[in-house]
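Below you'll find the structure, written out as structure tokens, and then a few comments.
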Amino acid sequence: GRSTVTLLPALKERLSVIGENIRLARLRRRLSAEQISERAGITRPTLRGIERGDPSVSFGAYANVFFCLG
């Protein structure tokens, strides 16, 4: 079966802040979720997870989004 990882509250909060900052950066650049997900090579639900600070999203997906946002 799958194992679950319990995050420390501080780490969970930081991921939420990072996700919100990514969302705000995307909106400031007037880019849609569809545009960023296509450029980053991820699905829209994955981008949604990133913007929510989902810890199950791979770091590579986060890095692709960072690269697309400059």
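What you see below is based on every heavy atom in this structure, not just the backbone, and it leaves out hydrogens, waters and symmetry mates.
- The side-chain contact (heavy atoms from CB on, under 4.5 Å) test applied to R30 returns no partner, not counting sequence neighbours.
- Among residues two or more places apart in sequence or in another chain, the side-chain contact (heavy atoms from CB on, under 4.5 Å) test is passed with R44 by A33, E34, S37.
- With sequence neighbours excluded, no residue forms a salt bridge (charged side-chain N to carboxylate O under 4.0 Å, His left out) with E13.
- In this structure, the side chain to side chain donor-acceptor pair (under 3.5 Å) partners of D54, at least two apart in sequence or on a different chain, are S56.
- Scanning for side chain to side chain donor-acceptor pair (under 3.5 Å) contacts around T43 gives T46, with sequence neighbours left out.
- Listed by first and then second residue, the salt bridge (Lys or Arg N to Asp or Glu O under 4.0 Å) pairs involving residues 15-26 are E20-R23, R26-E51 (not counting sequence neighbours).
- Residues F66 and I18 have side chains in contact (heavy-atom distance under 4.5 Å, counting atoms from C-beta outward).
- A continuous path of hydrophobic side-chain contacts links L11 to Y62 [ILVMFWY only; heavy atoms under 4.5 Å].
- Side-chain contact between I42 and I50 is present, with heavy atoms from C-beta onward closer than 4.5 Å.
- Both L31 and I22 are members of a single hydrophobic cluster when ILVMFWY side chains are connected at heavy-atom separations under 4.5 Å.
- Annotation for L69 and A25: closest pair CD1-CB, 4.1 Å, computed over non-hydrogen atoms.
- Residues L15 and L7 meet the side-chain proximity criterion, which asks for heavy atoms closer than 4.5 Å.
- Atom CZ of R29 is surrounded by more than 12 heavy atoms from other residues, nucleotides or ligands within 6.0 Å.
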